[in-house]
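Each remark here refers to the structure printed beneath this line.
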Amino acid sequence: MKHLHTEISINATPEKIWNELTDFKKYPEWNPLVRSFSGNLKEGEKVTVKIEPPGSNGMTLKPTITRVIPNKEFRWQGHLLFPGLFDGEHIFQIEPHLNGTSLFKHSENFKGILIPLFRKMLDNETRKGFEMMNEKLKEICEKN
């Protein structure tokens, strides 16, 4: 198992962050990691997500939405080819602070027999992609 976790403080309310994060049609305009997202943000729904970490060709996944708590969290669970090979649970969480800022947490839990082969990529390119997405989300939330 491998856990990747990033977070960033954003000077915006959870509602503002949620609105930007779930406006999937705008992802190609600003999101350097998740280049496209299509489908319904509803638990149990299959969606199509194109992930493109820096320095990679990217991949298109068809994960299932596993949790949606508006203004707080959403998750999807996907796998490469078939379960047990390379599985990932992608997690977005928003925590409000009393001063009007919020903490955006962006993480993923990976498991499967191919994890050792991808460990270096996950620690480098994938982590960098998470951090770049976090920075761009912060930028658009604090600008608008």
Could you grab the distance from atom [atom1] of [X] to atom [atom2] of [Y], nearest 0.5 Å is fine?
X	Y	atom1	atom2	result
F86	L117	CZ	CG	10.0 Å
H79	K62	NE2	NZ	12.0 Å
H5	N109	NE2	CG	11.0 Å
F104	S9	CZ	OG	12.5 Å
M132	T6	CE	OG1	12.5 Å

Under 4.5 Å between any side-chain heavy atoms of [X] and [Y], yes or no?
X	Y	result
E89	F110	no
T48	F37	no
M59	L61	yes
K136	N31	no
H106	H90	yes
L33	P53	yes
M133	L21	yes
L137	N134	no

Looking at R67 and E73, is any side-chain nitrogen of the basic one under 4.0 Å from a carboxylate oxygen of the acidic one?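 Result for this pair is yes, salt bridge flagged.
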Before you tell me yes or no, could you show the steps for K50 and T60 under side chain to side chain donor-acceptor pair (under 3.5 Å), namely the whole-Å CA-CA distance, both residues' side-chain angles and the distance that decides it to 0.1 Å? CA-CA 4 Å; K50 180 163 184 180; T60 299; 5.3 Å; no
Closest non-hydrogen atom pair between [X] and [Y], with its separation:
X	Y	result
I17	S102	CD1-CB, 3.5 Å
V49	P63	CG2-CG, 3.9 Å
K25	P28	O-CD, 3.4 Å
C141	A12	CB-CB, 4.1 Å

V47 and its side chain to side chain contact (heavy atoms under 4.5 Å, CB included) partner, picked from T64, I65, N40, L41: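 Going through the options one by one, the only one that passes is I65.
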Is there a path of hydrophobic side-chain contacts, each under 4.5 Å between heavy atoms, that joins W18 and I69?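 No, W18 and I69 fall in different hydrophobic clusters.
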I need the full list of side-chain hydrogen bond (donor to acceptor under 3.5 Å, both in side chains) pairs touching residues 121-130, with sequence neighbours left out, sorted by first then second residue.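 Every pair satisfying side-chain hydrogen bond (donor to acceptor under 3.5 Å, both in side chains) with a residue in residues 121-130: K2-D123.
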Plane angle bin for W30 and Y27 - parallel if under 30°, tilted between 30 and 60°, otherwise perpendicular: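 If you compare the ring of Y27 with that of W30, the planes turn out perpendicular.
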Pairs of donor and acceptor atoms involving the side chains of residues 92-99, under 3.5 Å and at least two apart or interchain, shall be tabulated with distances.
from	atom 1	to	atom 2	distance (Å)
E95	OE2	K105	NZ	2.8
N99	OD1	T101	N	3.0
N99	OD1	T101	OG1	2.7

